[in-house]
There are 2 protein chains.
Amino acid sequence: MTAPLHEARPSGPGRALPDTQQGMRRRNLARVLHTVRAQGPLSRAAVASRIGLTRAAVSTLVDELIRSGLLEELGPERPGRVGRPGSALAVSGRGPAGIGAEVGVDHLAVCAVDLRGTTRARAIRQGANRDRSPQPVLAELTELIRQVVAEAEGEGLWPAGLAVAVPGLVARDGRTVVRAPNLGWHDTDLGTLLPAGLPLTVDNEANFGALAELWLGEDTPRDFLHVSAEIGIGAAVVVDGGLLRGTRGFAGELGHVPVRPDGPECACGGRGCLEQYAGEEAVLRAAGLEPGEDRVGLLAGRAAQGDENVRRALRDAGTALGVALTGAVNLLDPESVVLGGELSGLAPWLLPSLRDELARRTAGPVCPVTVSPLGPEGPLLGAAHSVVRAVLDDPAAVAGQA
Amino acid sequence: MTAPLHEARPSGPGRALPDTQQGMRRRNLARVLHTVRAQGPLSRAAVASRIGLTRAAVSTLVDELIRSGLLEELGPERPGRVGRPGSALAVSGRGPAGIGAEVGVDHLAVCAVDLRGTTRARAIRQGANRDRSPQPVLAELTELIRQVVAEAEGEGLWPAGLAVAVPGLVARDGRTVVRAPNLGWHDTDLGTLLPAGLPLTVDNEANFGALAELWLGEDTPRDFLHVSAEIGIGAAVVVDGGLLRGTRGFAGELGHVPVRPDGPECACGGRGCLEQYAGEEAVLRAAGLEPGEDRVGLLAGRAAQGDENVRRALRDAGTALGVALTGAVNLLDPESVVLGGELSGLAPWLLPSLRDELARRTAGPVCPVTVSPLGPEGPLLGAAHSVVRAVLDDPAAVAGQA
DNA sequence: GCTATTTCGTCATGCCGGTTTACAAATTAG
DNA sequence: CTAATTTGTAAACCGGCATGACGAAATAGC
């Protein structure tokens with residue numbers, strides 16, 4: 001009764017699972033694993049004091065995790081303090097691995113990440129995928145996946161799942177690409193076209209990018225806005241360490257936030273949407289360039305060379321982004337805004353005007369705008385880590401699968 | 001591993017409390033109580049099958065809840081099916097009560113709500129509070145609270161907590177009013193000015209209104225946007241059955257979402273904020289009226305009489321709201337938008353243009369906009385129910401206090 | 001160097017909480 | 001009236017964490 005009363009998250013029926021002793025055990029296994037992973041090598045006693053269980057209980061949990069191959073014993077700690085030194089525990093580098101894959105407009109990429117978060121294998125293949133049909137593209141991707149899985153297995157890892165990032169809208173089933181305009185795909189069930197036998201998740205590139213930022217960023221808060229421009233302009237809203245997906249899974253459509261209500265018409269039916277000012281096509285047009293292959297690279301290159309038209313176009317785009325983000329920040333009060341994905345490459349020319357606009361329109365402290373250090377790597381890493389995360393969240397589920 | 005992998009909410013360190021057997025018991029007590037309250041009179045067997053525990057376990061849980069005075073046995077059910085009829089259980093009408101209070105600009109109100117959700121006592125006092133100092137106002141409120149508590153106690157209830165709705169910003173401590181422009185209060189700690197001995201929570205009127213909508217609305221979804229106009233224009237964002245508060249507690253500032261980036265200057269430093277078009281003052285000005293006491297009532301009255309200036313002003317405000325909500329809907333993909341609080345009285349003249357604007361700017365299915373049936377009652381009810389909710393969420397905490 | 005102290009990991013034991021099994025009670029179906 | 005079905009409860013069981021005690025391995029003090 002001391003905490004704020006109406007943090008209603010745990011209200012209602014609460015968790016769906018019955019609160020039984022087995023569930024308790026599973027959650028405590030997860031707590032131990034998470035703690036060891038996050039806080040470096042730790043003794044059993046240290047884990048116990050951190051998660052509030054007794055040393056005896058932690059001992060049995062650790063035993064189980066070691067037997068499952070998720071934790072390993074590094075041996076006695078070097079003692080600095082009085083008392084018997086503990087035996088250091090660390091997450092295993094030879095257990096399950098998360099396989100992440102990315103279908104980009106002009107590349108395919110796959111990587112394997114172990115429980116420690118280290119990337120242990122990767123494969124990239126350049127080549128334009130725009131308007132190629134899904135079958136051949138996914139056949140190539142499958143080949144890359146096989147390579148990466150083989151390489152990971154060579155190091156004693158086994159694949160715990162596959163997560164695929166695509167530049168498009170994904171149905172809530174987590175398998176079907178509803179619409180990927182830059183690929184020309186629609187209503188494609190990737191489940192039938194990718195290697196079977198691995199648990200599969202498909203999601204939007206921007207979502208995985210935001211999760212990568214959340215999980216891998218240095219001081220990333222638990223509430224932030226992750227803006228990227230892969231298809232149109234997307235934002236992922238991270239609230240309380242989780243993705244806000246929306247009822248239909250369409251949350252984060254920053255590109256269609258009205259910036260000037262009487263502006264040019266947009267494909268969405270509206271007028272003056274952000275996309276009309278800061279979308280790829282709009283910026284290219286404003287800069288007087290033709291839409292080509294590597295459009296973001298082209299813009300970045302010209303801007304770096306000092307092309308004043310390009311720079312002006314990007315400045316204006318930054319201003320429009322600032323207007324749209326003012327609305328978003330007012331609505332969500334995030335701790336920060338992060339520019340990620342391909343957008344991070346254009347940040348030097350977008351940021352000044354964006355920050356100006358945001359500051360001008362804000363009373364009090366201005367929401368900080370930063371650039372993701374992961375850059376275009378985000379989505380791929382986020383995908384792989386989402387699999388790892390699932391293992392950490394419920395170690396018991398994968399226990400016997402090695 | 002079958003559920004979507006990156007619903008990361010339960011990720012990270014997870015709940016802060018150690019997952020011990022006592023915690024399990026407490027959560028199961030809550031599950032039983034919630035189930036009985038939500039699904040009407042229910043037998044022990046019915047509860048057991050719904051929450052996934054055995055009849056035996058539910059029996060002991062129910063015993064404990066009955067001993068605490070939170071549940072009561074209604075006697076044997078009328079049998080329609082084969083087999084021994086169960087004994088109906090219902091939440092008690094004589095246990096703890098939630099006391100809700102509201103400090104309005106021109107009224108004070110208090111009510112008591114029992115576990116069943118029934119309002120059992122209430123007191124209202126009209127009178128302008130604008131620019132009165134906190135002490136006398138809260139002394140009056142304290143008197144009303146005493147009346148209501150006495151009345152509730154006469155019916156066998158005991159107060160489990162007090163929740164106060166105020167038209168202003170409240171600090172994250174849940175006690176201090178940072179700024180309430182319409183009252184002229186700032187940095188006022190209500191904890192020292194209200195009856196001690198009761199657990200106290202203070203929150204924004206709009207937040208409580210949204211929670212009332214969530215808990216009491218007929219088919220209210222778990223994800224929606226609740227718009228109200230008490231101080232400026234506020235929106236409460238409800239995500240997954242919980243309030244999105246933001247890092248600084250400032251989330252939902254719909255009033256300062258830019259509608260026309262080059263519009264008139266706003267006190268926030270920006271230009272063309274929604275408040276400049278749909279705020280109380282702006283609408284009164286556009287309608288050619290002087291700011292007086294009951295401003296919303298004035299507008300509604302004139303509009304109902306057919307005053308064309310007022311109607312036009314409200315139509316235009318609806319259009320501006322539509323633009324701002326388009327942005328919000330694109331960002332959050334809520335299941336619906338609800339107009340609540342004082343705003344619900346103006347809905348007939350706001351809604352048509354608002355819906356038009358939203359529909360015009362939306363591709364695909366349009367987010368439905370509805371009017372809260374609770375109207376101006378929302379905040380008061382939400383406050384009282386927030387206390388009830390806290391009891392339902394952790395019955396063990398209040399068990400021995402009767 | 002020797003002992004006291006501290007801390008770690010692990011037993012054996014106990015308690016707590018949900019499950020299983022069994023059974024009496026109360027109803028409908030035939 | 002009997003068989004079948006469902007409810008609620010009691011007894012025995014089991015799984016899981018806590019408690020308390022112990023040996024092991026380090027430091028601190030003499």
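No hydrogens, no waters, no symmetry mates; every other heavy atom, side chains included, goes into these values. Below, read A as the first sequence line, B as the second, and so on, with proteins coming before strands; counting in each chain starts at 1.
- The nucleotide whose nearest atom lies closest to any side-chain atom of Arg25(A) is, among dC17(D), dG18(C), dT20(C), dC17(D).
- Each of dT19(C), dG16(D), dG9(C) was ranked by its minimum atom distance to the side chain of Ala45(A); first place goes to dG9(C).
- Using a 4.0 Å heavy-atom cutoff across all strands shown, Thr54(A) reaches at least one base atom of the nucleic acid.
- Each of Gly86(B) and Gln21(B) has a nearest nucleotide on DNA chain D; the 5'-most of these lies closest to Gly86(B).
- Residues meeting the salt bridge (Lys or Arg N to Asp or Glu O under 4.0 Å) test with Arg25(A), sequence neighbours left out: Glu64(A).
- Between the CZ atom of Arg50(A) and the C1' atom of dC8(C) there is a distance of 15 Å, given to the nearest Å.
- Rounded to whole angstrom, the span from the CZ atom of Arg31(B) across to the C1' atom of dG17(C) amounts to 15 Å.
- Counted within 6.0 Å of CZ on Arg50(A), heavy atoms from surrounding residues, nucleotides or ligands total more than 12; the atom is thus considered enclosed.
- Rounded to a whole Å, the CD atom of Gln22(B) is 9 Å from the P atom of dA18(D).
- With distances taken from any side-chain atom of Arg44(A) to the nucleotides dG16(D), dG18(C), dT10(C), the minimum falls on dT10(C).
- Per the geometry, CG belonging to Asp63(B) stands 14 Å off C1' belonging to dG17(C), to the nearest Å.
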- Give the B/S/- string for nucleotides 21-30 of chain D, one per nucleotide from 5' to 3', where a protein heavy atom under 4.0 Å of the base yields B, of only the sugar-phosphate yields S, and otherwise -. B-BBBBS---
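- At dG18(C), one or more side-chain N or O atoms of Asn28(B) fall inside 4.0 Å of OP1 or OP2 (strictly under the cut-off).
- Atom pair Leu89(A):CG and dG9(C):C1' shows a separation of 11 Å (rounding to whole Å applied).
- Heavy atoms of other residues, nucleotides or ligands lying less than 6.0 angstrom from CZ of Arg37(A) number more than 12.
- Taking atom CG of Leu53(A) as the reference point, atom C1' of dG9(C) lies 16 Å away to the nearest angstrom.
- Just one of Val148(A), Val387(A), Val149(A) meets the side-chain contact (heavy atoms from CB on, under 4.5 Å) condition when paired with Pro159(A); it is Val149(A).
- Between the CZ atom of Arg26(A) and the P atom of dG15(D) there is a distance of 17 Å, given to the nearest Å.
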- Query: Could you walk me through whether Glu72(B) and Arg116(B) pass the salt bridge (Lys or Arg N to Asp or Glu O under 4.0 Å) check?
  - Reply: CA-CA 12 Å; Glu72(B) 57 188 29; Arg116(B) 291 177 177 158; 2.8 Å; yes
- Message: Run Asp19(A) and Arg27(A) through salt bridge (Lys or Arg N to Asp or Glu O under 4.0 Å) and show every step you take.
- Response: CA-CA 11 Å; Asp19(A) 232 318; Arg27(A) 287 190 297 273; 2.7 Å; yes
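- Atom CH2 of Trp158(A) is separated from atom CG of Asp114(A) by 13.0 Å, given to the nearest 0.5 angstrom.
- Atoms CG (Asp19(A)) and C1' (dG16(D)) sit 13 Å apart, rounded to a whole Å.
- When heavy atoms are screened at a 4.0 angstrom cut-off, Ala57(A) is found touching the sugar-phosphate backbone but no base atom.
- Within the structure, a side-chain polar atom (N or O) of Ser59(B) is placed less than 4.0 Å from OP1 or OP2 of dT9(D).
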